[in-house]
Each structure stands twice: as C-alpha cells, then as structure tokens.
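Taking it in order: structure first as structure tokens, then the write-up.
Every number for a ligand or one of its atoms is a count from 1 in the order of the listing. Below, each value reflects all heavy atoms present in this structure, side chains not excepted, and no hydrogens, waters or symmetry copies.
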Amino acid sequence: MKDSDREFPRFWLLRLQLSSLLLVATSGAWLYIRVLVRNDLVAAEGSEQQDGGGTFLWVSALPSYALVLVFLAGLGVTAYACRPESEFMVPESKRRWLFYDCIWWPVHFLFSVQVLTYICMDLVPWVFRSGKGASCACSEIQAFGFTKNSLIASKTSQSNDTVSAFGNETNVINIYGDAVCAVDCAAYLCRCVLHSLGRTETVFSLNITTISDDIRKMYGIRVDAESTVANVANSTYGAFINMAASWESWDGDDVARMVQISAVALLTSHVMTWHHHRRQHLEFCLYWILQTLSASSLLTHLLQDTPFFRDKFALTNSIVAFVCLAFIFMTLTVGYEGVQGQLGAPLAEELRKKYGRDNVIATGRRFPDEELAASGPYKFLDVMNMDMMRQFVVDHRIDWVVHFSALLSVIGESNVPLAIQINIESVHNMLELCKNYNLRLFLPSTIGAFGPTSPRNPTPDLCIQRPRTIYGVAKVHAELMGEYYNHRFGLDFRSARFPGVISADTMPGGGTTDYAVAIFHDAIQTGKFECYLRPDTRLPMMYLPDCIRATVEMLEAPDEDWKLRTYNITAMSFTPEEIAEELKKHIPDLEVTYKPDDRQQIADTWPEVFDDSGARKDLGWKHEYDLPKMVETMVTRLRKKYGK
Ligand SMILES: NC(=O)C1=CN([C@@H]2O[C@H](COP(=O)(O)OP(=O)(O)OC[C@H]3O[C@@H](n4cnc5c(N)ncnc54)[C@H](O)[C@@H]3O)[C@@H](O)[C@H]2O)C=CC1
Ligand SMILES: CC(=O)[C@H](N)C(=O)O
C-alpha cells in the first residue's frame, strides 16, 4: 500500500466506493439485461445459434458478475474499515488494508476488462466476425418485436440509404455506415432498430459500403449497393457534425462512444497509477472523472431502453450529465480538501502572522487546504528528493527549516520501510542540506522516543531511550544526529519532544494519542465514544495553541539558552477515564466504552508524565491550557463547528 493511501480521509474512500458502485451496478445491470434477452432469443433460434450466441454472451458478461461480487465484498471490507470508531492506520487494520487492497485492484482490473469487452462487443464488432455475433444481433432485433423480414432497406437518395423498420410504428434511419462484414452490419442494424423505438426522427449515422449476402438474407434487406458507397467521407463528417450540433438528440450510442474514449484513457490512467507507485492528486482527479464518464455513459445506455425514458432522451441525458458533473465536482472538491499535517498548517499560519505572509513557505506533496493556500505561498516539495530540496532552498533563499514530515507511531508500524524513508532518510537529507547551506533546523521529537525501560513517571530530558516503535527509533536517531551535527559542524539544530497534541481544526495523522482528539468529535456528534486504550492509560498531552507557541518560542530563543539540543515539552497528563469525566461536565450523557487494541501496547511503553522542567528553566516554557481549560475550549469550538 502507498503512503498516500494511508493519508486518505475516510470519506474519500467512501466516495470512491460509491462512485464505483454506481459504475459497476449500472454496467453490470445493463449487461445482465442484454444477456437475459439475448439468451432467450438465441434459445428460440435453434441449437447452433444458441451455442454460439449464448456462450459468447455469457462470456462477455462474466466480468460484470465478477465485478459485482468482488465489489460487494470490497464494500463490506471498506465499510468495516471505515467504521467511525476505527482508525485506518492502526496496526490491527493493516490486515484489513491489505485485504482491501487485494480487493480494490481486482475490481478495477475487472472493470477494465469489462469495458474492453463492451468495446469489443458493441464498438469494434469486427473482433467478432462470425455467425455467432450475427445471430446475437438478430436475436436482439427480434427481442424488440421485429421479425426477420420486417427490415427492408431501400435506396432513397444518392448518398443515403433508408432502412425502414416496420414494427409497431415506422421509423426512418439514415445510415452513413462503414459495415465491412456481416457482423458489423448486423450489430449496427440492430442498434438502429433499438434506437428507432419510440423515435420518429433520424437517429443513426454509419456508412454501409458492403453488405454481405449473409446479412441481406438474414435480415431480408434489399440494398442498392452502388448508391451506398457514395460520399463516404462526407457523410461521416456530416454525421459527426449532426451529432455535435444538438446535444438533445444525443442518444445512448453517442454517449456510449464516450465510453470507448474514456475507457482507453481510464486504462492509461491505470497504467500511470501503477507506474508512478505514488498516486498523485491529478491522476486521481483524472481517474475519477473518467470513471464517472464511463458510469454515466453506461447509465444512459441502460436508461434509454426503459419505457419511461424511451421518449425522454433529452431528460435522461440532462440527468446523466448533471450526475456526471456532480460527481466530477465532488471528486475535485474532495480532492482539494487538505491532507496537511496536524501541526504543519497551524504553525505556518502562526509564523506568517509574525514574519509576514511571503516569508514563510509551506511545502508538502499535496494540494494545500483552502485556508493554508490563502494564508501564503505553498510549494510542492518531497523531502525524499534532495535535488528538489536544494533547488528550493536556493530559489527561495531559505534560512530556517522546520521539518515536520513524518509517519506517526501507528502508521509507522504499519509500513516500516516507508517510515524508515520518511522518518530517517529524510532526516539525513535535511541535516546535509542545512549543513551545506548553513540553515537552521527545527525538528520535533516525541514522547514516543522513550521506551519501556525509560522512567515513565516522570520522564526526564536525559534518560535511557529504547523505544519499541520505528517512529520512536527514528526520533531518537534524529535527536542524536541533530546533536552530532551541532557538535561536529555547528549546525543550529533544535528539537522539542512533544506529547500528544489535541486540536480542533486539524486532525491527527495516525498516532497512538489520537483518541484524545477523536473523543471530542464523537462526543459532540454522537454522544458516544469507543476508546482503543484502557481507561487508566496515562499519557502526556497538550493543546495545539500551546504546541504552536512553544515551537515559535523555541525557534526564537537565543542559541546560548539551549543547554540541550532536545527538550521535553508538555502541558498535562491524563487518562481516557479522566478526559471522559471532564467532558461529561459539558456533555453529561456521554457514553464511553473501552476496547483496547494494538495501540495499547505502544501506549504502555510511553511516558505517563513528562518532566519538562528543563525547557521551563532554560527556555522559559510555560503552558497555558490545562485539562479543564482545554476541554472547555475544544467543546466550544467543536459545538460551533458541528452546529450542536
Ligand atoms: N501530532 C502529534 O501529536 C505529535 C507530532 N509530533 C511530530 O510533529 C511532526 C508533525 O506531526 P503531525 O502534523 O501530527 O503529523 P501528520 O502525520 O499529521 O503530518 C505529517 C505530514 O508529512 C507529510 N509528508 C509525508 N511524507 C512526505 C514527503 N515525502 N515529503 C513531504 N511531506 C511528506 C504528510 O503529507 C503530512 O502532511 C511530526 O514530525 C511528528 O513526529 C511529535 C509529537 C506529537
Ligand atoms: C505523540 C506522538 O508523537 C503522536 N501523536 C503519536 O501518537 O504517534
């Protein structure tokens, strides 16, 4: 799984699934109907045709069935993984994620196969140049009330043929076609007939240059062959002009052509996706636009043959176009919603207030959220790409670096190789960069840098550090490397070990202390909360504004005040039970249940109470928010946010 997946907000995934549901249900149902209708008729046609047509159709529909089944399974898994009380990033959910990945990609693979089948069946009939295809088409025509002999083609003008289908009513279809074999012709004629139902206007556009004896015999078509070859280029061009000229007259066939185009682009985007490993935002937007187009095309195709919509193509198309646009809009809107870090955006905003909008450049690999983008410059920067970082530093004459990029404790455990890259290798990059360009570096550490053998109550600045998570190991490594670069190269390296940070506006990115944020959201929205830690698990915490202020003060403190290169910083320590009690003062009916999971093991190795007397003494650190004040502020802010 890619790290970008891990950072997906829950609703993104649900939307992915919902649009897929639309897609799969629509296309699956359409193919299902076709198979049913055709099989009945093929059965009536005789054994030879039954074998051929039946097998062909069932085979062509298999991907649809598989898709629906696999999709439903995927939906179940996702629904489970997306339960409000569960976090994606917990180690336990690694298994779900893997399972989810295993399902998600086959769905898309099958979808691609299905679209290809669709193209082969309907849009490139020469792939099936055989009597089988013809017999299917024949059955389809009959399914709609026409008999073999009811189709008569006759010449009406120099350049057009008219096929008159005498069924319940007479329809006139101009064919500007290019049917090079029996199956082409059968398929196209069949479409003509289908689309002529309920319509009295000219609807179809294809050239017929050759019609084989077979097909003439099969459909009882009389064609003046010479007249059909006239003006092919012109008529094809004319057909396109016609089609483009009036959207209202677009029918399923026209829209279905979009399937062809979008399917090709869809497959391309699949390839791009796999190729790039890390799915970038633009690709996703493209990807979902294409899927939406495909889905709506198929939907139109399906609806147009239902009695209600038969005479209401314009309405259908408008609805479909609207749905299509709505999906695109949703995709884009969701796509642009910030997946910034919990601490990064608020710190950038605070620094901008102090140092000026253009003097603080926020960076990341994703679209910034609206507020961050509006507050000042934002640039794409991958901390794994040293060249890019060098260029960035030179181009913008950087002198301070605040390096926040990291995978937090829980996500880190679920992807150790990636955590090693982001949390360790990127630190090497930063240290070298800052050394070479003489920059100052602030890199936060964490309570997670301590382990079970550290004193846990209280945990001083200097003591044994043997963490049990890759997150903690990486932070100890960063602390030591920073200290080394400071002694060896004079690098101005500063670090604060933060406790769990609680914030109202930005969401935590997959840590062990996340429950202390989630409890507020759940309490205010639902009045219930299920905690993944035991009620007596004590951990150090602080409210975001304190954390931001601490960071700014530490950045600004004179270098000579820094006796250590890394200081503990904290504001309070509480257990889930204690925060729940405090919350009940504001939400008396709050129900909290406890279901410890893998995160408990991490929490059990972390400090219970943090000793930050060093920072208080050397740097003048002082917290402002204790538990009651933080709870009161959080409740007020979230009540406003949720309108409760
Ligand atoms: N939030 C907390 O409770 C605490 C956080 N910290 C530290 O503070 C820092 C920030 O923490 P949060 O904001 O909570 O983390 P977060 O997980 O919310 O944000 C991390 C950010 O790093 C970005 N990132 C990941 N890989 C990247 C790459 N290759 N290039 C560029 N950006 C990349 C992610 O997109 C994300 O925006 C981290 O170093 C964390 O260890 C320390 C203690 C507590
Ligand atoms: C305390 C942290 O470093 C972070 N919130 C986590 O839980 O991983």
Side-chain angles (χ1 to χ4, degrees), residues 2-9 87 89-91 278 281 338-348 362-369 372 378-386 388-389 392 402-415 418-427 429-430 442-450 467 469-472 474-476 478-479 495-503 505-518 532-533 537 539-544 546-548 550-551 566 568-571 599 602-603 605-607 610:
K2 325 295 175 296
D3 62 309
S4 47
D5 294 338
R6 289 169 204 287
E7 291 162 2
F8 266 8
E87 283 300 324
M89 319 306 180
V90 299
R278 288 189 186 149
H281 222 95
V339 196
Q340 306 301 315
Q342 187 191 10
L343 309 188
L347 179 66
T363 67
R365 294 174 310 155
R366 303 179 164 270
F367 288 107
D369 64 28
L372 180 60
Y378 180 91
K379 301 278 174 200
F380 175 87
L381 193 68
D382 185 344
V383 292
M384 298 311 300
N385 188 329
M386 193 59 172
M388 192 186 265
M389 289 206 297
F392 176 79
V402 178
H403 180 44
F404 268 4
S405 311
L407 296 195
L408 300 190
S409 54
V410 178
I411 310 178
E413 286 310 289
S414 65
N415 194 341
L418 187 67
I420 290 174
Q421 275 181 26
I422 307 286
N423 296 11
I424 297 181
E425 289 171 22
S426 81
V427 172
N429 289 346
M430 281 304 166
F442 180 86
L443 193 154
S445 185
T446 163
I447 48 170
F450 296 95
T469 59
I470 187 63
Y471 177 60
K475 289 294 187 186
V476 176
E479 289 177 13
S495 178
R497 290 189 200 104
F498 289 131
V501 178
I502 298 159
S503 54
D505 297 326
T506 47
M507 294 302 281
T512 308
T513 57
D514 290 5
Y515 90 87
V517 178
Y532 56 77
L533 296 181
T537 312
L539 288 168
M541 302 276 180
M542 81 197 299
Y543 187 41
L544 181 82
D546 269 346
C547 175
I548 300 301
T551 309
T566 305
N568 291 352
I569 292 281
T570 193
R599 286 170 278 196
I602 299 179
T605 67
W606 283 5
F610 227 24

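Pro508 does not count as a contact of ligand 1, since none of its heavy atoms falls under 4.0 Å from the ligand. Assignment of Pro499 to the shell around ligand 1 is supported, since a heavy atom sits closer than 4.0 Å. No heavy atom of Asn423 sits closer than 4.0 Å to any atom of ligand 1.
Close N/O approach between Met507 and ligand 1 is not found [any backbone or side-chain N/O within under 3.5 Å]. Between His403 and ligand 1, not a single N/O pair is under 3.5 Å apart.
Distance alone, capped at 3.5 Å, places no donor-acceptor pair between the Tyr515 side chain and the Tyr532 backbone. Using modelled atom types, one side-chain atom of Asn423 and one backbone atom of Leu407 make a donor-acceptor pair closer than 3.5 Å. Distance alone, capped at 3.5 Å, places no donor-acceptor pair between the Tyr543 side chain and the Ala571 backbone. One N or O on the side chain of Ser495 and one on the backbone of Leu443 form a donor-acceptor pair closer than 3.5 Å. Looking only at distances, a side-chain donor or acceptor of Thr506 sits under 3.5 Å from a matching main-chain atom of Gln342. Lys475 places no side-chain N or O within 3.5 Å of a backbone atom of Phe450 that could act as its donor or acceptor partner. Checked by atom type and distance alone, the side chain of Glu425 never pairs as donor or acceptor with a backbone atom of Ile420 at under 3.5 Å.
Contacts between Ile447 and ligand 2 below 4.0 angstrom, taking non-hydrogen atoms only, involve the side chain exclusively. With a 4.0 Å heavy-atom cut-off, ligand 1 is reached by no atom of Arg497. Contacts between Leu381 and ligand 1, counted as non-hydrogen atom pairs separated by less than 4.0 Å, involve the backbone only. Counting heavy atoms under 4.0 Å from ligand 1, residue Leu343 touches it through both backbone and side chain.
In this structure, the side chains of Leu343 and Cys547 come closer than 4.5 Å at one or more pairs of heavy atoms.
Atom numbering of ligand 2 starts at 1 in the shown order; those under 4.0 Å from a heavy atom of Trp606 are 1 (C), 6 (C), 7 (O), 8 (O). Less than 4.0 angstrom separates some heavy atom of Asp382 from each of these atoms of ligand 1: 28 (C), 29 (N), 30 (N). Taking every non-hydrogen atom of Ser409 and a distance limit under 4.0 Å, the qualifying atoms of ligand 2 come out as 6 (C), 7 (O), 8 (O). Listed by number with element, the atoms of ligand 1 under 4.0 Å from a non-hydrogen atom of Ile422 are 26 (N), 29 (N). Listed by atom number, the atoms of ligand 2 under 4.0 Å from Gly511 heavy atoms are 6 (C), 7 (O), 8 (O). Residue Leu408 has at least one heavy-atom neighbour below 4.0 Å for each of these atoms of ligand 2: 8 (O). Of all atoms in ligand 1, numbered sequentially from 1 with element shown, those under 4.0 Å from a heavy atom of Gly500 are 3 (O).
Interatomic distance, CG of Asn568 versus CZ of Phe498, reported as 11.0 Å (0.5 Å rounding). Of the inter-residue distances, the one linking Arg599 atom CZ with Thr537 atom OG1 reads 12.0 Å to the nearest 0.5 angstrom. Considering CG of Leu544 and CG of Asp505, their distance stands at 8.5 Å, rounded to 0.5 Å.
Nearest non-hydrogen protein atom to atom 7 (O) of ligand 2 is Thr512 N, 2.6 Å. Nearest protein neighbour of atom 5 (N) of ligand 2, counting heavy atoms only, is Thr513 OG1, 2.8 Å. Scanning the protein heavy atoms around atom 1 (C) of ligand 2, the nearest turns out to be Thr446 OG1, 3.6 Å.
Listed here is the closest heavy atom pair of Leu408 and Gly510: CB-O, 3.5 Å.
Judged as a side-chain contact (heavy atoms from CB on, under 4.5 Å), and not counting sequence neighbours, the contacts of Ser409 are Tyr471, Thr512, Trp606. Not counting sequence neighbours, Phe404 has no partner by the ring pair (Phe, Tyr, Trp, His ring centres under 6.0 Å) test.
Nearest to atom 40 (C) of ligand 1 by heavy-atom distance, out of Phe380, Phe404, Tyr471, Phe498, is Tyr471. Of the listed options Gln421, Gln342, Met388, Met384, Gln342 places a heavy atom closest to atom 14 (O) of ligand 1. Of the candidates Ser495, Pro540, Ser445, Ser445 brings a heavy atom nearest to atom 42 (C) of ligand 1. Comparing Leu408, Val501, Asn429, Val427 by heavy-atom distance to atom 3 (O) of ligand 1, the nearest is Val501.
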